Each structure stands twice: as structure tokens, then as C-alpha cells.
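What follows is a single structure, written as C-alpha cells, with notes after it.
Both ligands and their constituent atoms are indexed starting at 1 by order of listing. The structure presented is a predicted model; accordingly, all values stated were derived computationally and were not measured.
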Amino acid sequence: MTTTHLNTPEQILQHTFGYSAFRGPQQAVIETLIGGKDALVLMSTGGGKSLCYQIPALARSGCGIVISPLIALMQDQVEALRAAGVNAACLNSSLNFEQIRHIEAALLQGEMDLLYLAPERLLQPRTLQLLERVTIALFAVDEAHCVSQWGHDFRADYLQLSCLQQRFPQIPRIALTATADKRSRKEITDRLGLQQARQFISSFDRPNICYRIAAKNNPRRQLLQFLRAEHTENSGIIYCLSRKKVENTANWLCQHEFHALPYHAGLPAHTRAQNQRRFLREEGVIIVATIAFGMGIDKPDVRFVVHLDLPKSIEAYYQETGRAGRDGEASTALLLYGLEDVVKLNQMAANSEGSVEYKRQERQRLDAMLGLCEITSCRRYALLRYFDERLPTDCGNCDTCLEPAQSWNASQASTKLLSCIYRTGQRFGITHVIDVLRGGNTEKIRQFNHQQLSTYGIGKDFSAEEWRTIARQLVVRGYLQVNSEAYNALQLTEQCRALLRGEETVHLRRLPKAEARLENRRKHIIIELSGEDQPLWEALRDCRKQLADEHNVPSYIIFSNATLREMVTQHPTTKATLRAISGVGDKKLERFGEAFLSVLTNHPVLKKL
Ligand code: ADP
Ligand code: ZN
């Protein structure tokens with residue numbers, strides 16, 4: 001760093017980043033690196049991984065080299081660092097020759113604090129030769145799970161990063177990831193040669209995210225209700241399985257006055273880039289996307305993630321929902337799922353290319369995901385358990401905690417459904433079976449003479465929707481299977497015998513009323529500003545927006561919501577008191593302090609204390 005008197009980790013934390021204390025293992029990680037040792041950091045999203053390598057890079061002599069998989073991710077970090085007065089840059093293919101030379105010169109002159117690179121860039125002989133000529137503070141491998149061939153973020157270039165150990169044996173290395181599954185951890189240590197590294201494993205819990213999983217009845221209506229009731233002006237991500245559904249959903253939301261943009265691999269590159277940029281820069285933009293969208297989205301104030309289709313595994317679900325609430329503020333993950341999802345994913349797994357073993361594993365992951373959907377206990381407990389972590393108690397911030405799911409003895413209803421499937425010859429999909437149960441008068445019923453069956457009309461006591469829910473749960477519990485090779489016909493499994501003979505009972509989950517859930521949820525949203533604080537809050541946000549536009553950066557690069565909120569509650573009116581607000585470091589005070597102070601002094605303190 002250019003200012004040499006700031007060299008202890010605490011001083012850097014306070015003066016450069018404006019924070020008063022380290023979080024979790026940050027200090028221990030930082031000391032490990034400053035001591036010249038390697039570290040492996042597994043920390044949930046929003047946990048504060050970046051400071052773990054940024055501070056030691058500033059404290060040690062030389063430049064910190066950060067390897068990151070995506071340009072967007074690097075640019076965001078570099079902008080944030082520059083706003084805090086750190087000499088940071090990224091070397092990537094979007095730069096012209098002049099810009100590259102400029103960065104290289106700064107590096108050679110020892111003026112660079114942090115340099116971000118994509119792995120393929122780092123591995124070019126030219127780059128490695130350049131790095132051999134300069135003092136390097138450390139190597140940080142961000143998103144280290146990209147070495148994992150099992151994960152969906154696999155990057156072949158990451159595998160070659162093991163060469164750093166051979167070429168730069170004296171330089172400490174740190175690998176970081178938020179991926180919770182064990183297999184990836186082992187792969188990271190093995191592939192990056194970090195067997196000797198000190199491991200820092202924090203909880204993967206994301207307590208600020210409220211996990212909710214609901215049966216899909218009328219997804220559009222459910223989505224609209226959710227957005228209108230809880231997230232009218234917020235940024236969020238909505239995931240769909242197909243490109244077509246992405247576009248239809250985005251259009252439909254726009255017709256309902258939401259600011260929604262599509263994102264999928266089939267759109268022209270410039271449209272994709274533009275939509276992503278608007279999502280990052282503007283407030284209240286909803287992106288509707290296939291899973292192609294996500295990695296590299298460091299936007300801290302994503303308030304909700306909705307899945308309109310079932311994710312393939314708990315790993316994928318946790319990673320996708322994890323994009324909500326990086327800033328630590330209350331956020332929602334809502335998943336809507338139905339029988340058709342189960343059918344579709346089953347089909348995809350069956351038709352996929354892989355080996356028998358691969359398909360078996362896919363199937364297992366899907367089953368675990370379905371299990372999570374159907375449990376009647378705390379979702380978070382089950383989620384973390386899947387990643388070998390145990391919560392001491394139920395979380396109090398998931399749908400089942402907020403509104404305990406009722407289970408009911410569904411043996412009789414299940415028997416009716418199973419019998420009806422049996423009597424119709426196990427050749428039909430759910431819609432027809434329900435029509436028969438409810439005594440419908442469809443062409444298919446007449447064609448197959450199904451009004452003659454003993455099970456015709458015996459299920460009028462439940463709605464079609466309720467029957468679907470029952471069928472779905474019976475599939476998930478293994479009583480029924482869906483034959484994807486025969487028009488998704490429902491078929492009985494061996495497991496049905498005991499139930500049909502009346503020797504076994506089955507309890508199913510009954511969903512709570514949607515309105516009741518909302519009532520409960522409100523209590524869990526963190527304390528909001530009171531009405532009389534609103535004008536100041538809005539004025540501070542306007543000020544932030546103006547500065548952001550002026551500097552051509554997203555608002556959160558200027559100050560986070562938490563910092564603005566503290567300004568409202570503390571109401572500083574001098575530079576010294578403004579400096580005491582969390583997130584206000586020396587450089588930001590110098591650059592933005594006056595603008596915010598003038599807003600603050602123009603808003604007199606209203607009956608505080
Ligand atoms: P991650 O990379 O683990 O997802 P970040 O490094 O982006 O998380 O940090 C998440 C947020 O927490 C950022 O806004 C960051 O500035 C903030 N943060 C990190 N460490 C601290 C700290 N010690 N005190 C206050 N805020 C912190
Ligand atoms: Zn819970």
C-alpha cells in the first residue's frame with residue numbers, strides 16, 4: 001500500500017475498510033498468511049472471505065495475486081478496493097495493450113497491492129515470467145471449488161494451479177470457497193497441493209435467508225403474490241429450467257409492472273451482458289434465468305431467489321439460493337415444486353449420457369432434494385445436516401419453523417389412489433387417474449369405459465390439487481413410480497403391498513395456509529427503520545445513487561445498506577462521528593464524506609433519545 005504506516009491487520013481493517021472488528025476466523029487466517037503459511041478457507045457466502053487475503057496482501061510486502069474465475073467477479077472486487085483507496089487491478093482480455101503495459105509497469109515498480117487474474121492468464125508463460133520478477137505477497141485462489149470435476153463450476157485451468165507450489169515454493173497460498181460439500185473440499189486440498197495448509201472451516205449456515213418450499217399449484221399466481229406481498233421493489237433472481245420459460249416468465253412479470261429481464265445461454269452475448277449489468281447497477285431489477293446465471297454474481301443486495309423448477313440436487317439448491325443476502329440482511333429463498341418436476345427430472349436423469357453409476361448418483365441426489373421438499377421438520381436443520389453440520393436447535397427462520405407442517409393419516413386416501421392406478425392398468429398419468437377418482441366425464445374416461453370401475457368417483461372429497469399433492473408425496477416416498485418410457489404412467493411399487501393390505505399407515509404433509517405463514521414471517525424481518533426515518537433514508541440513498549453514477553460503479557461500492565442504515569440511526573454530523581460508522585474507511589470518508597454529511601445536516605435529528 002502506498003501509505004506505509006498502516007501495516008498491522010487491525011489498522012488496515014479499521015482505516016482502509018472502516019470496520020471495527022474481525023469476523024469469525026478472519027484474524028487467524030490473516031495471521032497464518034502473514035506468517036508465511038498456507039490456508040484453506042471454507043466460509044459461507046457473505047462470511048467475509050475477501051478480507052482474509054486482502055489484508056495480508058496489504059500487510060506483507062509485495063503484491064497479492066488473486067486467481068478468480070470470472071471477469072465480472074474481478075472487476076467488482078477491484079472497484080470496491082479502489083473505492084477504499086487500494087491499488088488494485090485486474091489483467092484480462094478486455095484490456096488493450098496500453099492498459100496492460102500500464103498495469104505491468106506498476107507491478108514491476110512495486111506499486112500494486114492486489115492483482116486479479118483469470119487462471120488461463122496466470123498460466124501463460126509471459127505472465128509467469130513477469131511474476132518471477134516481482135515481489136509477491138501471496139497467491140489467493142478464489143472460488144477454489146472450480147477444481148472439482150463433480151461440481152457445476154468446473155474449470156479445467158484450475159487444475160494446473162498446482163504449478164504455483166513448484167514455481168513459487170516460498171509464497172504463501174490461500175484457497176477459498178463457499179461450497180459446502182465434502183468431496184469438493186478433498187479435491188481442493190489434493191489438486192492444489194494444500195495438504196499442509198491450515199484449514200479454517202466455518203459454519204455454512206446463512207441465517208439471514210428464510211428457506212421456504214411450497215407445492216406448486218398455480219406458479220404464476222403464487223409468484224405474483226409473493227413478489228407483491230414481500231418484495232415489491234427488491235432485486236432478485238428467478239430460476240427456471242428452460243429458456244422458453246425464462247422468456248415467458250420475464251415478459252409476464254413485465255406486464256405486471258415488475259422490472260424483469262431474461263438471462264440464458266441462448267440470448268446474444270451483448271443482450272446477456274447488458275441484462276446482467278442492469279441487474280448489478282440498477283435497483284429493483286429481477287433477473288429471470290436458467291442456471292447459466294449465477295457464478296460471478298457478487299451483488300450483495302439480492303433479496304430473494306425463487307426456483308420455479310426443482311433443482312437437481314441439494315448442492316445446486318444451496319448454491320443458487322446462496323446468492324441471496326450476501327450483505328447479511330433478511331432475504332428469502334422460495335422454491336415451488338410439483339409432481340411434474342419430479343417426473344421431468346427423473347426423465348432427464350434416465351435419458352442423460354452418463355454411466356450407470358453416474359445415473360445412480362444423480363438419482364440419489366434428486367432423492368435427497370425431494371426429501372428436503374417433503375420433510376415436516378426444520379429445513380435449515382436438514383440442509384446443514386446434508387453438509388455434515390448440526391444446528392443446535394431448529395432455526396426459527398424457515399417455513400416449517402414459522403408454520404409447523406401438519407401431517408395427517410393419509411392411508412385411506414392413498415389406498416384409493418393406489419387402487420385407482422391399479423384398476424386403470426397402471427398405464428395413465430396423474431391427470432387421468434384424478435379424473436377417474438373424482439368421477440369426471442372426459443373423453444378418455446368414456447373411451448376406456450372407466451366410469452365402470454369400482455374406483456370411479458370415490459375421491460370427490462379431495463380437489464384435483466390435493467390429489468396431486470398426495471400422488472407427489474407417494475412418489476417421493478417410493479410407493480409409486482413414474483414410467484418415463486410410457487407417457488409418465490404411474491405405477492405401483494413393491495412397497496405398496498403392506499399399505500394396500502391395511503398393514504401399514506402413511507402420514508403425509510399437509511401444507512399450512514399461505515396467509516398464516518406471511519403473518520409469522522413479518523416478525524422475523526430485521527428491525528426496519530421507523531416511518532419518520534424514511535425521508536433521511538431516501539435522501540442518503542439518493543446521494544449514494546448520484547455518487548455511484550458519477551463514478552460509474554454500482555451503489556453498493558459506495559456504501560452498503562447496512563452502512564446507510566447506521567447513518568440513519570447514529571446520525572453523525574461531523575467527520576469524526578461519520579468515520580465511526582461501520583464501512584466508512586479513511587479513503588471513503590475523504591471522497592464521499594462531505595456529500596453524506598451535507599445530507600445528514602440538512603435532516604435535523606427528530607426526537608432521538
Ligand atoms: P464472501 O466473499 O465470503 O461472500 P465478502 O468478503 O464479500 O464475503 O464479505 C461480505 C460482506 O461483509 C462485505 O460487504 C464485507 O465488506 C463485509 N465484511 C467482511 N468482513 C467484515 C468485518 N470484519 N466487519 C464488517 N463487515 C465485514
Ligand atoms: Zn427452521
Side-chain angles (χ1 to χ4, degrees), residues 9-10 12-14 16-30 41-55 66 68 73-74 76-77 79-81 83-84 86 140-145 174-180 200 202-213 295-302 319 322-329 333 372 375-385 391-405 517 520-521 524 554-564 566 581-585 588:
E10 290 79 9
I12 299 171
L13 178 74
Q14 287 160 13
T16 305
F17 296 97
Y19 300 133
S20 53
F22 286 111
R23 260 193 205 160
Q26 280 176 337
Q27 188 164 17
V29 177
I30 291 166
V41 174
L42 307 161
M43 200 188 267
S44 71
T45 304
K49 283 185 287 301
S50 324
L51 291 189
C52 293
Y53 58 83
Q54 289 168 348
I55 291 184
V66 187
S68 176
L73 208 74
M74 299 185 228
D76 226 49
Q77 294 259 359
E79 272 171 3
L81 285 165
V86 176
V141 182
D142 205 2
E143 312 288 350
H145 60 278
I174 172 173
L176 310 101
T177 179
T179 296
F200 298 89
S202 319
S203 167
F204 283 96
D205 190 14
R206 303 287 312 280
N208 58 317
I209 299 180
C210 178
Y211 293 98
R212 287 150 63 183
I213 302 179
M295 229 239 313
I297 299 308
D298 236 347
K299 187 175 166 62
D301 54 353
V302 175
Q319 193 167 47
R323 290 172 186 140
R326 297 178 86 101
D327 57 8
E329 311 221 346
L372 177 71
I375 54 164
T376 49
S377 54
C378 174
R379 305 270 192 208
R380 190 183 314 271
Y381 188 91
L383 265 173
L384 291 172
R385 197 70 190 88
L391 268 188
T393 57
D394 287 353
C395 79
N397 191 26
C398 73
D399 53 358
T400 43
C401 281
L402 292 168
E403 189 68 27
R517 272 201 262 179
N520 279 339
R521 176 171 156 68
H524 281 266
S555 298
Y556 54 81
I557 297 279
I558 308 288
F559 284 129
S560 71
N561 281 349
T563 301
L564 291 200
E566 210 178 310
I581 303 283
S582 178
V584 184
K588 287 194 179 179

Within the 4.0 Å heavy-atom shell around Arg326, which atoms of ligand 1 are there?
4 (O)
When you compare ligand 1 with Thr45, is there at least one nitrogen or oxygen pair between them that comes in under 3.5 angstrom?
no
Before you tell me yes or no, could you show the steps for Arg379 and Asp399 under side-chain contact (heavy atoms from CB on, under 4.5 Å), namely the whole-Å CA-CA distance, both residues' side-chain angles and the distance that decides it to 0.1 Å?
CA-CA 8 Å; Arg379 305 270 192 208; Asp399 53 358; 2.9 Å; yes
Arg380 versus Asn397, closest heavy-atom pair with distance
NH2-O, 3.1 Å
Which is closest to atom 2 (O) of ligand 1 in terms of heavy atoms, Ser50, Gly18, Ser20?
Ser50
Report the C-alpha separation of Ile375 and Thr400 in whole Å, then their side-chain angles, then the decisive distance to 0.1 Å, and conclude whether the side-chain contact (heavy atoms from CB on, under 4.5 Å) test is met.
CA-CA 9 Å; Ile375 54 164; Thr400 43; 5.6 Å; no
Nearest-0.5 Å distance that lies between atom SG in Cys395 and atom CG in Leu383
9.5 Å
Atom 14 (O) of ligand 1 - nearest protein heavy atom and its distance
Tyr19 OH, 4.1 Å
Using a 4.0 Å heavy-atom cut-off, which part of Phe17 comes near ligand 1: side chain, backbone, both, or neither?
neither
Please report whether ligand 1 has a polar contact with Gly48, defined as an N or O pair separated by less than 3.5 Å (distance criterion only).
yes
Ignoring hydrogens, just give me the one of Glu143, Gln77, Gln26, Arg23 whose non-hydrogen atom is nearest atom 20 (N) of ligand 1.
Gln26
If you measure every N/O of Ala21 against every N/O of ligand 1, is any gap under 3.5 Å?
yes
Yes or no: does Gly47 have any heavy atom under 4.0 Å from an atom of ligand 1?
yes
As an exercise, state the distance from CG of Leu13 to CD of Gln26, rounded to the nearest 0.5 Å.
7.0 Å
Side chain or backbone, does Leu51 bring an N or O within less than 3.5 Å of an N or O on ligand 1?
no
Quick one: angle Cys398 SG - the Zn ion (ligand 2) - Cys378 SG, to the nearest 10°?
120°
SG-CZ distance between Cys401 and Arg212, expressed to the nearest 0.5 angstrom
13.5 Å
Can you pull out the closest protein heavy atom to atom 10 (C) of ligand 1? Residue, atom name and distance to 0.1 Å, please.
Gly46 O, 3.6 Å
Heavy-atom closest contact (Thr177 atom, His145 atom, distance)
OG1-ND1, 2.8 Å
Nearest to atom 3 (O) of ligand 1, what protein heavy atom do you find, and at what distance?
Lys49 NZ, 2.7 Å
I'd like to know whether Ser50 forms a side-chain contact (heavy atoms from CB on, under 4.5 Å) with Gln77, so could you lay out the CA-CA distance, the side-chain angles of the two residues, the decisive distance to 0.1 Å, and finally the verdict.
CA-CA 9 Å; Ser50 324; Gln77 294 259 359; 3.6 Å; yes
For side-chain contact (heavy atoms from CB on, under 4.5 Å), just list the numbers for Phe200 and Leu176, CA-CA rounded to whole Å, side-chain angles, deciding distance to a tenth of an Å, and then say yes or no.
CA-CA 10 Å; Phe200 298 89; Leu176 310 101; over 6 Å; no
NZ of Lys49 to CG of Asp142: how many Å apart, nearest 0.5 Å?
7.5 Å
Side chain or backbone of Ser44 under 4.0 Å from ligand 1, or both, or neither, by non-hydrogen atoms?
backbone
Of the side chain and backbone of Ala178, name the one, both, or neither that has a heavy atom under 4.0 Å from an atom of ligand 1.
neither
Which of the numbered atoms in ligand 1 are under 4.0 angstrom from any heavy atom belonging to Phe22?
23 (N)
